[in-house]
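Quick caveat: nothing in here was measured; it's all calculated off a predicted structure.
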Amino acid sequence: EFARQNGVTSEIVSVTLYTQLRFLGYVFNPVSFILLKDIGGKDYAIIEVGNTFNEIKPYFVPNEKFKGDGFSITTKKFFYISPFIDHDNEMTFHFRNDDGRIKIYVEDKKEEEKVLQVWFDGKEIPFTNSALIKQTLKFPFVTLKIIFLIHYHAMILWLKGIPFYKKEENKHLQK
């Protein structure tokens, strides 16, 4: 439906989700990528950014942003993600699937100054029962690690005296 609201009128024939799985009933997804392919072979994507308030902001990636094995898009944030990053920044998302190697880079900028850089480089594996069991045993507490590191780094930023932005501030910049 979100793709339709953003002008996709053709039939979607393929949906691929790149996300963090729920573990023991708990999940935190800072960002998920939903790749869509229509019946004519055109690619689209929906980027879902999550915050610690369990809010999700979707961003639509039109077909013209796709080049070869991925896409790159810059957009106004209009979302509260971190108490250490202002609301009116721009975010750039780069996504590549280079022969099963997933490369993701996210950048948050304010007036050309990089405020946040996040990257991921991983290997795509098929979603099977055996692969799921293997990954669960190999990485049982990835979600808890993500939450711990987010709060750990927030504490470091707070101790350094980095400016703090409250969620209630600038409501007009949260759309």
Treating Ile, Leu, Val, Met, Phe, Trp and Tyr as nodes and any side-chain heavy-atom pair under 4.5 angstrom as an edge, say whether [X] and [Y] lie in one connected cluster.
{"X": "Val8", "Y": "Phe2", "result": "yes"}
{"X": "Leu149", "Y": "Val142", "result": "no"}
{"X": "Leu157", "Y": "Leu159", "result": "yes"}
{"X": "Phe148", "Y": "Trp158", "result": "yes"}
{"X": "Leu17", "Y": "Tyr44", "result": "yes"}

Return the [atom1] to [atom2] distance between [X] and [Y], rounded to the nearest 0.5 Å.
{"X": "Ile150", "Y": "Ile81", "atom1": "CD1", "atom2": "CD1", "answer": "10.5 Å"}
{"X": "Ser82", "Y": "Leu116", "atom1": "OG", "atom2": "CG", "answer": "7.5 Å"}
{"X": "Asn6", "Y": "Glu1", "atom1": "CG", "atom2": "CD", "answer": "10.0 Å"}
{"X": "Glu124", "Y": "Asp98", "atom1": "CD", "atom2": "CG", "answer": "11.5 Å"}
{"X": "Ile46", "Y": "Ile56", "atom1": "CD1", "atom2": "CD1", "answer": "12.0 Å"}
{"X": "Leu132", "Y": "Leu137", "atom1": "CG", "atom2": "CG", "answer": "9.5 Å"}

Over all heavy atoms of both residues, which pair between Ala131 and Pro126 is shortest? Give the atoms and the distance, please.
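Where Ala131 meets Pro126 most closely, the heavy atoms are CB-O, 3.5 Å.
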Please assess Glu107 against Lys114 for the test salt bridge (charged side-chain N to carboxylate O under 4.0 Å, His left out), listing each intermediate value before the final yes or no.
CA-CA 7 Å; Glu107 177 180 273; Lys114 291 180 186 177; 3.5 Å; yes
Could you please spell out the steps behind the side-chain hydrogen bond (donor to acceptor under 3.5 Å, both in side chains) verdict for Tyr18 and Asn97?
CA-CA 11 Å; Tyr18 295 92; Asn97 185 341; 3.2 Å; yes
Restricting to side-chain hydrogen bond (donor to acceptor under 3.5 Å, both in side chains), what partner residues turn up for Gln20, sequence neighbours left out?
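Expected list: Thr143.
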[Y] and [X], any side-chain heavy atoms less than 4.5 Å apart:
{"X": "Lys77", "Y": "Asp88", "value": "no"}
{"X": "Leu35", "Y": "Val15", "value": "no"}
{"X": "Phe93", "Y": "Ile104", "value": "no"}
{"X": "Glu168", "Y": "Lys166", "value": "yes"}

What's the verdict on side-chain contact (heavy atoms from CB on, under 4.5 Å) for Thr75 and Glu90, showing C-alpha distance, side-chain angles and the deciding distance?
CA-CA 6 Å; Thr75 182; Glu90 282 191 339; over 6 Å; no
Donor-acceptor contact present, side-chain [X] to main-chain [Y], <3.5 Å:
{"X": "Lys138", "Y": "Ile133", "result": "no"}
{"X": "Lys67", "Y": "Glu64", "result": "yes"}
{"X": "Tyr59", "Y": "Val49", "result": "no"}
{"X": "Tyr80", "Y": "Tyr165", "result": "yes"}
{"X": "Asn63", "Y": "Asp43", "result": "yes"}

Would you say [X] has more than 12 foreign heavy atoms packed within less than 6.0 Å of its [atom1]?
{"X": "Gln5", "atom1": "CD", "value": "yes"}
{"X": "Lys145", "atom1": "NZ", "value": "no"}
{"X": "Lys110", "atom1": "NZ", "value": "yes"}

Please state whether the rings of Phe95 and Phe71 are parallel, tilted or perpendicular, taking 30° and 60° as the class boundaries.
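Rings of Phe95 and Phe71: parallel, as their planes differ by under 30°.
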Parallel, tilted or perpendicular: ring planes of Phe84 versus Phe164, cut at 30 and 60 degrees:
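It falls in the perpendicular class, over 60°.
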Test Met91 against Ile47 for side-chain contact (heavy atoms from CB on, under 4.5 Å), laying out the working first.
CA-CA 11 Å; Met91 295 187 75; Ile47 303 166; over 6 Å; no
Is a salt bridge present between Lys167 and Glu55, judged by a nitrogen-to-oxygen distance below 4.0 Å?
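Result for this pair is yes, salt bridge flagged.
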Partners meeting side-chain contact (heavy atoms from CB on, under 4.5 Å) with His94 (sequence neighbours left out):
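With sequence neighbours excluded, His94 shows a side-chain contact (heavy atoms from CB on, under 4.5 Å) to Ser72, Thr92, Tyr105, given in chain and number order.
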For side-chain hydrogen bond (donor to acceptor under 3.5 Å, both in side chains), just list the numbers for Asn89 and Asp108, CA-CA rounded to whole Å, side-chain angles, deciding distance to a tenth of an Å, and then say yes or no.
CA-CA 7 Å; Asn89 293 4; Asp108 196 318; 2.8 Å; yes
Using a 6.0 Å distance limit plus a 45 degree cone around the ring axis, check whether Lys57 lies over the aromatic ring of Phe79.
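No, a cation-pi geometry is absent between Lys57 and Phe79.
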Row check, Phe120 ring normal vs Lys103 NZ/CZ: under 6.0 Å, within 45°:
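Here Lys103 fails the 6.0 Å and 45° test against Phe120.
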Under the salt bridge (Lys or Arg N to Asp or Glu O under 4.0 Å) rule, collect the residues that match up with Asp121, sequence neighbours excluded.
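If we apply the salt bridge (Lys or Arg N to Asp or Glu O under 4.0 Å) test to Asp121, skipping adjacent residues, the hits are Arg101.
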